[in-house]
**Q** 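Here you go, one structure.
Because the structure is a prediction, the values reported are computed rather than measured. Throughout, protein chains are lettered first and strands after them, A, B, ... in sequence-line order, and every chain is numbered starting at 1.
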Amino acid sequence: MTMFTGFNLKEKIKELKRRGKDVPREIFDLGVAFWLINVDEEKYTGEYLAPKYLHKEFNNSEAILEELKKYAENKLKEFNLGRLFYKLEMPLLEVLADMELNGISADKNKLANLDKKIGKILKGLTEKIYNEAGKVFNINSPKQVADILFNKLKIIAPVGGRLKKTSTGAVSTNIETLATLKNEHKIVGFILEYRELFKLQSTYVKSFQELISKDRRIHTTYLQTGTVTGRLSSENPNMQNVPAGTELSNEFKRCFEAKKGYEFVSFDYSQVELRVLASLSGDPKMIDAFKKGVDIHKLTASQVNNVPLEKVTPEMRNLAKTLNFGVVYGMGFIAFAKSSGLSVAEAKKFIAEYFSDFKEIKKWQERVKAEARKNCFVSNLNGRRRWLLNIVSSYQFLASQAEREAINMPVQSLAADILKISMVKVAEYLKEKGWYGGSVRPLLTIHDELLFEVKSDIIKKVKADIADIMENAFKLSVPLKVPVKAGKNWGEMKSFV
DNA sequence: AGGGTACCCGTA
DNA sequence: AACATACGGGTGCCCT
């Protein structure tokens, strides 16, 4: 049991595990340490950090690692990040290593069949599109699509609408724009369908097939230093943006199957960011709603429309949902108008109404912004910190952007911490029970969700315990709720009670 | 041929 | 002028 100091220790841990060796108890990952100190570094490698902080070339010698460690230790202490580093991020390394080693089983044949199936539909759509266009062109080129739609077919925006431009001044052909043109020409609908299916095929069905390992499983890589908020990211493949909702994307997810004798069990924090916001702001109405288990979007709808809960229509609820999410991101009335389809004046009114109903949220946001302006950084309850130098910029846009980032950071990052705490605690519990890696294997983490592979005969017991650990992972002034789903494959997860 | 970037789009 | 946070990745296209 030696001490581990260095970069990319997750890989070293994986190597030890592959050889059946024990993982050192004391771990000091320098990349993660420097990331906690400043989430905005370009890279978290020795080659990058040593010249910048020690004014020395990096050579991976014991001496220079120790010197970097000394520097990091001091800063962690100065910024009060010790607990986060030693008690959360370092223990998390092993869980991430295990998730990556475990991987998730993928059925190559099913993927190949789905590939063909989508290919056929795409072929048909391609012909229809060429037919409507009157010529052959590259449907995957936004430039060529724009040329066909707006020059050749001379499609124009319907009354009251305007065509959106891209940052370089070209007319945009994104979904949002195309959706407004759906009734102007038959080709538009075909292109929308084509886009959706091509995306599914190229980014997911095709790419994932190439990433299946010899053990017939897909092993993602988690980046512990990949975000500015404390979230994890995932690459090769990114398991955190797998599509859901349409029939074909569900068919894609059905290609991932639990090991024989096991089932997938997923634990998903329900509305964790809004609960965090309620707790941080102390807003009485929102806290009350979560305590009573009221549908939060419905409550918001009833509040901003000044109608009783029973009178809330699905449309009102939808609008309120956009509003709730938007508030977490610091959305302004123009953006709200755009995403809701309301007029700017109406949007303004709704947002004003929202903040007069949830007064403490507004006050909390103002406090966060003031603090950010004072310190040029924001931090969350655990001390996780993000520098926001632009908050004092004289460029209005940059300052506003920094304000939105400031408002979002304490919420998104605490939600991220809560999930990380859960991962570590659940792993501890599973080790105590002797199930870790055997009867219960952690597979995926998707921001507010954990997916395990669990031996069928212990699902019931494990489910209750894990959900319990997660709901009590962090004390907020509102309860945390963790609904559980289970299924033999990833596309057919049914709620489990 | 390979790098950089624009645009697009999937998720929480 | 920009006007909703956080990501990774595929393809086109221009450049060297």
**Q** Suppose we screen for salt bridge (charged side-chain N to carboxylate O under 4.0 Å, His left out). Which residues come up paired with A:Glu453, at least two apart in sequence or across chains?
**A**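 Here the qualifying residues are A:Arg217, A:Arg441.
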
**Q** Whole angstroms only, please: what is the CG-P distance between A:Leu223 and B:dA12?
**A**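 Rounded to the whole Å, the gap is 19 Å.
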
**Q** Could you tell me how far B:dC7 sits from C:dA2 if I compare only their P atoms? Round to whole Å.
**A**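 Looking at atom P only, C:dA2 and B:dC7 are 16 Å apart.
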
**Q** Given atom CZ of A:Arg162 and atom P of C:dA1, what is their separation to the nearest angstrom?
**A**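 Going from A:Arg162 (CZ) to C:dA1 (P), I get 13 Å.
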
**Q** Going by distance alone, is a donor N or O of one side chain under 3.5 Å from an acceptor N or O of the other, for A:Asp147 and A:Asn151?
**A**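 A donor-acceptor contact under 3.5 Å links the two side chains.
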
**Q** State whether A:Ser207 places a side-chain N or O below 4.0 Å from either non-bridging phosphate oxygen (OP1 or OP2) of C:dG10.
**A**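 Checking A:Ser207 against C:dG10: at least one side-chain N or O falls below 4.0 Å of OP1 or OP2.
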
**Q** Judged by modelled atom types alone, do A:Glu492 and A:Asn489 share a side-chain donor-acceptor pair under 3.5 Å?
**A**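 The criterion, which ignores hydrogens and geometry beyond distance, is satisfied for A:Asn489 and A:Glu492.
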
**Q** How many Å lie between CZ on A:Phe137 and C1' on C:dG12, as a whole number?
**A**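 Rounded to whole Å, this separation is 14 Å.
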
**Q** Do the side-chain N and O atoms of A:Ser249 and A:Tyr204 include a donor-acceptor pair separated by under 3.5 angstrom?
**A**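 Note: A:Ser249 and A:Tyr204 side chains miss the donor-acceptor criterion.
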
**Q** Between B:dC7 atom P and A:Arg195 atom CZ, what is the distance in whole Å?
**A**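 Distance check: A:Arg195 CZ to B:dC7 P gives 13 Å.
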
**Q** Establish, from distance only, whether the side-chain atoms of A:Thr166 and A:Ser172 form a donor-acceptor pair under 3.5 Å.
**A**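 No pair is found: no donor N or O on one side chain lies under 3.5 Å from an acceptor on the other.
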
**Q** Scan nucleotides 3-5 of chain B against the protein and return all N/O pairs shorter than 3.5 Å with their distances rounded to 0.1 Å.
**A**
none

**Q** Can you list, by residue number, the residues of residues 229-247 of chain A that have a non-hydrogen atom closer than 4.0 angstrom to DNA chain C?
**A**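 The stretch gives A:Thr229, A:Arg231, A:Ser233, A:Ser234, A:Glu235, A:Asn236, A:Asn238, A:Asn241 as the residues lying under 4.0 Å from the strand, ordered by number.
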
**Q** A quick test of your reading: do over 12 heavy atoms of other residues, nucleotides or ligands sit less than 6.0 Å from CZ of A:Arg83?
**A**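 No.
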
**Q** Quiz question: by atom type and distance under 3.5 Å, do the side chains of A:Ser339 and A:Thr322 form a donor-acceptor pair?
**A**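 The criterion, which ignores hydrogens and geometry beyond distance, is not satisfied for A:Thr322 and A:Ser339.
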
**Q** Nearest whole Å is fine: how far is B:dA6 C1' from A:Lys165 NZ?
**A**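 Value for this atom pair: 17 Å.
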
**Q** Strictly below 4.0 Å, heavy-atom distances to any atom of DNA chain B: list the hits from residues 168-177 of chain A, or just say none.
**A**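 When residues 168-177 of chain A is checked for heavy atoms under 4.0 Å from DNA chain B, the hits, listed by number, are A:Thr168, A:Ser172, A:Thr173, A:Asn174, A:Ile175.
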
**Q** Between A:Glu360 and A:Lys285, does at least one N-O distance fall below 4.0 Å, as a salt bridge requires?
**A**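 Looking at A:Glu360 and A:Lys285, the cut-off is not met.
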
**Q** Does A:Asn102 use its side chain to pair, donor to acceptor, with the backbone of A:Asp98 at less than 3.5 Å?
**A**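 At least one qualifying donor-acceptor pair exists.
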
**Q** Report each atom pair, protein N/O against N/O of nucleotides 14-16 of chain C, whose distance is under 3.5 angstrom.
**A**
residue, atom, partner, partner atom, Å
C:dC14, OP1, A:Lys143, NZ, 3.0

**Q** Contacts to DNA chain C from residues 336-346 of chain A, heavy-atom cutoff under 4.0 Å, which residues?
**A**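 Going residue by residue through residues 336-346 of chain A, the ones with a heavy atom under 4.0 Å of DNA chain C turn out to be A:Ser339.
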
**Q** Are the side chain of A:Trp35 and the backbone N or O of A:Val228 linked by a donor-acceptor pair below 3.5 Å?
**A**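 Absent.
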
**Q** Taking only the side-chain heavy atoms of A:Ser167 (C-beta and beyond), determine which of B:dC7, C:dG8, C:dG10 contains the nearest atom.
**A**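 Looking only at heavy atoms from C-beta outward on A:Ser167, the closest nucleotide is B:dC7.
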
**Q** Hey, is the main chain of A:Leu9 close enough, under 3.5 Å, to the side chain of A:Asp29 for a donor-acceptor pair?
**A**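 Such a contact is found between A:Asp29 side chain and A:Leu9 backbone.
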
**Q** Just by modelled atom types, is the A:Leu101 backbone N or O under 3.5 Å from a matching donor or acceptor in the A:His219 side chain?
**A**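 Yes.
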
**Q** Measure the distance from CD on A:Glu196 to C1' on C:dG10 and round it to the nearest whole Å.
**A**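 In whole Å, C:dG10 C1' and A:Glu196 CD are 16 Å from each other.
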
**Q** Verify whether one side chain among A:Thr173 and A:Arg195 offers a donor that lies under 3.5 Å from an acceptor in the other.
**A**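 Side chains of A:Thr173 and A:Arg195: pair found under 3.5 Å.
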
**Q** Using modelled atom types only, decide if a donor and an acceptor are shared between the side chain of A:Gln209 and the backbone of A:Asp115 within a distance under 3.5 Å.
**A**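 No; zero donor-acceptor contacts below 3.5 Å.
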
**Q** Atom CD in A:Glu273, atom CD1 in A:Ile418: separation rounded to 0.5 Å?
**A**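 Taking CD in A:Glu273 and CD1 in A:Ile418, the distance rounds to 10.0 Å.
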
**Q** side-chain contact (heavy atoms from CB on, under 4.5 Å) with A:Phe198: which residues, sequence neighbours excluded?
**A**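 A:Phe198 satisfies side-chain contact (heavy atoms from CB on, under 4.5 Å) with A:Leu122, A:Asn140, A:Tyr194, A:Ser202 once adjacent residues are dropped.
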
**Q** Can the positive tip of A:Arg386 be found less than 6.0 Å from the middle of the six-membered ring of A:Phe377, inside 45° of the ring normal?
**A**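 No - A:Arg386 does not lie over the ring of A:Phe377 by the 6.0 Å and 45° rule.
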
**Q** Look up atom CG in A:Leu451 and atom CE in A:Met239, then write down how far apart they are to the nearest 0.5 Å.
**A**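 The CE atom of A:Met239 is 8.5 Å from CG of A:Leu451, to the nearest 0.5 Å.
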
**Q** If you count every heavy atom of other residues, nucleotides or ligands that lies below 6.0 Å from A:Ile156 atom CD1, does the total exceed 12?
**A**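 No, because the 6.0 Å sphere around CD1 of A:Ile156 holds 12 heavy atoms or fewer from other groups.
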
**Q** For the side chain of A:Ser213 and the backbone of A:Arg216, is there at least one donor-acceptor N/O pair under 3.5 Å apart?
**A**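 Answer holds: no.
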
**Q** Can you tell me how far P in C:dC3 sits from the matching atom in B:dA6, rounded to whole Å?
**A**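 Straight-line distance between the two P atoms is 16 Å.
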
**Q** Which part of the nucleic acid, if any, lies within contact of A:Gln144, taking any heavy atom under 4.0 Å across all strands shown: a base, the sugar-phosphate backbone alone, or nothing?
**A**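 Contact class for A:Gln144: sugar-phosphate only.
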
**Q** Quick one, which residues of residues 481-493 of chain A touch DNA chain C with a heavy atom under 4.0 Å?
**A**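 Within this stretch, nothing sits under 4.0 Å of the strand.
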
**Q** Listing request: all salt bridge (charged side-chain N to carboxylate O under 4.0 Å, His left out) pairs with a residue in residues 125-140 of chain A, at least two apart in sequence or in separate chains.
**A**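 Pairs touching residues 125-140 of chain A that pass the test: A:Glu132-A:Lys186.
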
**Q** Over how many whole Å does the gap from A:His447 atom NE2 to B:dA12 atom C1' extend?
**A**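 Going from A:His447 (NE2) to B:dA12 (C1'), I get 5 Å.
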
**Q** Looking only at the side chains, is there a donor atom on one of A:Glu403 and A:Ser400 sitting less than 3.5 Å from an acceptor on the other?
**A**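 Their side chains do not contain a donor-acceptor pair, so the 3.5 Å distance test is not met.
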
**Q** Which pairs of donor and acceptor atoms, one on a side chain in residues 347-357 of chain A, lie under 3.5 Å apart (sequence neighbours left out)?
**A**
residue, atom, partner, partner atom, Å
A:Tyr354, OH, A:Asn324, OD1, 2.8
A:Ser356, OG, A:Glu353, O, 3.2

**Q** Side chain of A:Ser141: nearest nucleotide among B:dA12, C:dG12, B:dC9?
**A**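 Within the option list, the nearest is C:dG12.
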
**Q** Could you give the CG-to-P distance, from A:Asn138 to B:dC7, as a whole number of Å?
**A**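 Distance, rounded to whole Å: 16 Å.
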
**Q** Would you classify A:Phe333 as touching base, sugar-phosphate or nothing, given that sugar-phosphate means primed atoms plus P, OP1 and OP2, and contacts are heavy atoms under 4.0 Å?
**A**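 The residue A:Phe333 makes no contact with any strand.
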
**Q** List in numerical order all residues of residues 386-420 of chain A for which some heavy atom is under 4.0 Å away from an atom belonging to DNA chain C.
**A**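 Contacts with DNA chain C under 4.0 Å: A:Arg386, A:Phe397, A:Arg404, A:Glu405, A:Asn408, A:Gln412.
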
**Q** Compute the centroid of each ring, for A:Phe256 and then for A:Phe264, and state whether the two points are separated by less than 6.0 Å.
**A**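 So the answer is no for these two rings.
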
**Q** By a strict heavy-atom criterion of less than 4.0 Å, which residues belonging to residues 115-123 of chain A are in contact with DNA chain C?
**A**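 Going residue by residue through residues 115-123 of chain A, none turns out to have a heavy atom under 4.0 Å of DNA chain C.
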
